[in-house]
Novice: 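Sharing a structure below in C-alpha cells format, with a few things to ask.
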Amino acid sequence: MNAFIKPFLSYLRYERGYSALTVAAYERDLLQFEAFICANAEGAAIDVRLIDADCVRLWMVSLLDRSMASSSVNRKLSSLKSFFKFLLKQGVLSESPVRLVVGPKMSRPLPSFVKEREMADLLDGSSFESDFEGSRDRLLLEMLYQTGLRRSELVGIRHADIDMEAMQLKVNGKRNKQRIIPFAERLKEMIVHYISEKEKEILADDSMYLFVRKNGRPLTGAIVYRIVRKRLSGIPMLAKCSPHVLRHSFATSMLNDGAELNAVKELLGHGSLASTSVYTHITFEELKKMYHAHPRAKK
C-alpha cells in the first residue's frame, strides 16, 4: 500500500491543488490505516488489492473504541475513499473496497448564537469608543451580523466591492465563488462614517481594503477574531465569542423573521441546503422555549 501513497499525495498537491496542510492530513490518515492493517497481519506487508470493506470497518471500530469523535472518523474514511478512487483511476483496482462503507452517524451540536435583543443592546450601546478603532469595530460587528459574512470574507472586502448607490456588497467566498449581498441604509451610514474616520486617522491611506489597522495595513483574520471576542465577551451565558457566532446569529435572525431557507442559503454562500438547515433546528428550539412559557404548558 505504501508504494501508492506518495503518488496519491503528489496528485492531491500538484493536480488537485490541495494545500500542504491538507495533503499532510491525508498522509497521516493513510499511514495510520496502513499501520493498523499491518499490525493485524502481524507485520506482513499487505497487497492493496486484498483490502476489503470489513478491514476498513474494523479500523473505524478501533478508532471509535479509542473515543475518537465521529466527525474525525468520517474525515479519515473520506481520506480512504479519495485514495481508493485514485487507485481506480490508475487502473490498480477494478472496484473500490469502501464504496459501500458508511461512516458513523454524527450528532451535530446546535451552533451558538446571540439573541436579537442582546445584539441590539451591544450595537446600539455605548461600549464602543468614539475614535477610529471604535468606529471600525462597531462597523465590523454590524457587518458580520447584518450580512452573515465569514471572517475571511470580511477581511477581503475592498472599497471597490461596495456599491453605495445600489447598497450591495460583492463578496469573494469559498473556492473563489462570488456572491452579492444587499445591505440596509443603517449599514450604509455606518460605512460612510467609518470611511470618514479612516481618512482622518490614516492620512496616507492607499489601502484598497475597507478594514485596516491604525498603521493602514489590512486587518488579519486573527485580529478580527480578537476584536469580536473582546466585544462579545460582555454578553452573559454566551458559550462562544467568535466571528462565526455572528454568522450563526444572522442566519437564525433571518429565519426567525420569516426568511426562506433557500434565500438564507444564498446569502451565506452555502453549497447546499443541508448546511443551512441546521439553523432551522435553532429556530425550532426557540419556538419550544416560547411554547413552554405558556401557563398550560408548565408542569
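All of these numbers come straight from a predicted model, not from anything done at the bench.
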Novice: Any side-chain heavy atom of P218 sitting closer than 4.5 Å to one from V155?
Specialist: no
Novice: Could you check whether any side-chain heavy atom of Y145 comes within less than 4.5 Å of a side-chain heavy atom of V114, counting everything from C-beta outward?
Specialist: no
Novice: Taking all non-hydrogen atoms of both residues, which atom of E118 and which atom of P236 are closest, and how far apart?
Specialist: OE2-O, 4.1 Å
Novice: For residues I180 and L169, determine if any side-chain heavy atom of one lies less than 4.5 Å from a side-chain heavy atom of the other.
Specialist: no
Novice: Is any side-chain N of the basic residue among E129 and R231 closer than 4.0 Å to the acidic one's carboxylate O?
Specialist: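 Here E129 pairs with R231 in a salt bridge, since their nearest N and O are under 4.0 Å apart.
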Novice: For L88, what residues pass the side-chain contact (heavy atoms from CB on, under 4.5 Å) criterion, not counting sequence neighbours?
Specialist: L93, S96
Novice: Between F250 and Q146, is a side chain to side chain contact (heavy atoms under 4.5 Å, CB included) present by the stated rule, with each step listed?
Specialist: CA-CA 6 Å; F250 161 80; Q146 280 202 39; 5.7 Å; no
Novice: Locate the shortest heavy-atom distance separating K76 from D29; write the atom from each residue and the value.
Specialist: NZ-OD1, 2.9 Å
Novice: Using side chain to side chain contact (heavy atoms under 4.5 Å, CB included), reason through L219 and V212 one step at a time and then give a plain yes or no.
Specialist: CA-CA 5 Å; L219 291 187; V212 298; 5.8 Å; no
Novice: If hydrophobic clusters are built from ILVMFWY residues whose side chains come within less than 4.5 Å, do L255 and L273 share one?
Specialist: yes
Novice: So does R229 have more than 12 non-hydrogen atoms from other groups sitting under 6.0 Å from CZ?
Specialist: no
Novice: Using side-chain contact (heavy atoms from CB on, under 4.5 Å) as the criterion, list what pairs up with S196, not counting sequence neighbours.
Specialist: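 Applying side-chain contact (heavy atoms from CB on, under 4.5 Å) to S196 gives K200.
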Novice: For atom CZ of R179, is the number of surrounding heavy atoms from other residues, nucleotides or ligands below 6.0 Å larger than 12?
Specialist: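 Atom CZ in R179 is crowded, with more than 12 foreign heavy atoms closer than 6.0 Å.
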Novice: Do F36 and L50 sit in the same hydrophobic cluster, where Ile, Leu, Val, Met, Phe, Trp and Tyr count as joined when their side-chain heavy atoms come under 4.5 Å apart?
Specialist: no
Novice: Once rounded to the nearest 0.5 Å, what's the spacing between atom CG of L9 and atom CZ of F86?
Specialist: 9.0 Å
Novice: What's the separation between atom CZ in F83 and atom CZ in F33, rounded to the nearest 0.5 Å?
Specialist: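 Taking CZ in F83 and CZ in F33, the distance rounds to 9.0 Å.
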Novice: Kindly indicate, with the supporting measurements, whether the criterion side chain to side chain contact (heavy atoms under 4.5 Å, CB included) is fulfilled by R150 and R247.
Specialist: CA-CA 7 Å; R150 300 178 177 94; R247 182 169 161 86; 3.3 Å; yes
Novice: Minimum heavy-atom separation for V101 and A53, please, with both atom names.
Specialist: CG2-CB, 3.8 Å
Novice: Which heavy atom in L122 sits nearest to a heavy atom in F128, and how many Å separate them?
Specialist: O-CE1, 3.4 Å
Novice: Supply the atom-to-atom distance I181 CD1 to I157 CD1, rounded to the nearest 0.5 angstrom.
Specialist: 8.0 Å
Novice: With side chain to side chain contact (heavy atoms under 4.5 Å, CB included) as the criterion, how do V23 and E27 come out once you've worked through the C-alpha distance, each side chain's angles and the decisive distance to 0.1 Å?
Specialist: CA-CA 6 Å; V23 173; E27 183 177 21; 5.6 Å; no
Novice: Answer yes or no: is there a side-chain heavy-atom contact under 4.5 Å between N262 and T276?
Specialist: no
Novice: A quick test of your reading: do over 12 heavy atoms of other residues, nucleotides or ligands sit less than 6.0 Å from NZ of K81?
Specialist: yes
Novice: Would you say that L31 contacts E34 through its side chain, given a criterion of any heavy-atom pair below 4.5 Å between the two side chains?
Specialist: yes
Novice: Who are the side-chain contact (heavy atoms from CB on, under 4.5 Å) partners of V61, not counting sequence neighbours?
Specialist: D65
Novice: Looking at E201 and R136, is there a salt bridge between them, counting it only when a charged N and a carboxylate O are closer than 4.0 Å?
Specialist: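 E201 and R136: not salt-bridged.
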Novice: How long is the span from the OG atom in S207 to the CZ atom in R158, to the nearest 0.5 Å?
Specialist: 11.0 Å
Novice: Report the distance from atom CE of M190 to atom CG of L139, rounding to the nearest 0.5 Å.
Specialist: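 The CG atom of L139 is 5.5 Å from CE of M190, to the nearest 0.5 Å.
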Novice: Using the rule that two of Ile, Leu, Val, Met, Phe, Trp, Tyr join whenever any of their side-chain heavy atoms come within less than 4.5 Å, decide whether L154 and Y225 are in one cluster.
Specialist: no
Novice: What heavy-atom pair brings N74 and G103 nearest, and what distance separates the two atoms?
Specialist: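 The pair with the smallest heavy-atom distance is OD1-CA, 3.1 Å.
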Novice: Under 6.0 Å between ring centres: does that hold for F211 and Y194?
Specialist: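 So the answer is yes for these two rings.
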Novice: Is the backbone N or O of K6 less than 3.5 Å from a side-chain atom of S10, with the two atoms forming a donor-acceptor pair by type?
Specialist: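 A pair under 3.5 Å: yes.
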Novice: Side chains of Y11 and K89: does their closest heavy-atom pair fall under 4.5 Å?
Specialist: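 SC-SC contact between Y11 and K89 confirmed.
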Novice: In Å and rounded to the nearest 0.5 Å, what is the CD1 to CD distance from I37 to Q32?
Specialist: 12.0 Å
Novice: What residue among L187, L267, V171 forms side chain to side chain contact (heavy atoms under 4.5 Å, CB included) with T147?
Specialist: L187
Novice: So which atom in I191 and which in M143 form the shortest heavy-atom distance, rounded to 0.1 Å?
Specialist: CD1-CE, 3.8 Å
Novice: Determine whether I195 and H159 make a side-chain contact, defined as any pair of heavy atoms from C-beta on separated by less than 4.5 Å.
Specialist: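 When only atoms from C-beta onward are counted, H159 and I195 do touch, with a gap below 4.5 Å.
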Novice: Applying side-chain contact (heavy atoms from CB on, under 4.5 Å), can you list everything that pairs with L64, at least two apart in sequence or on another chain?
Specialist: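 Applying side-chain contact (heavy atoms from CB on, under 4.5 Å) to L64 gives S70, V73, P104.
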Novice: According to salt bridge (charged side-chain N to carboxylate O under 4.0 Å, His left out), who are the partners of R213, at least two apart in sequence or on a separate chain?
Specialist: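 In terms of salt bridge (charged side-chain N to carboxylate O under 4.0 Å, His left out), with neighbours along the sequence ignored, R213 is linked to no residue.
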Novice: Is there side-chain contact between I202 and F132, with at least one heavy-atom pair below 4.5 Å?
Specialist: yes
Novice: State whether the side chain of S233 and the backbone N or O of K230 hold a donor-acceptor pair below 3.5 Å, judged by distance alone.
Specialist: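 The answer is yes, because a donor-acceptor pair under 3.5 Å joins these two groups.
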Novice: Sort out for me which residue in I235, L246, L232 forms a side chain to side chain contact (heavy atoms under 4.5 Å, CB included) with C241.
Specialist: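 That would be L232; it is the only one of I235, L246, L232 passing the side chain to side chain contact (heavy atoms under 4.5 Å, CB included) with C241.
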Novice: So, using side-chain hydrogen bond (donor to acceptor under 3.5 Å, both in side chains) as the criterion, who are the partners of E165 when residues are at least two apart?
Specialist: none
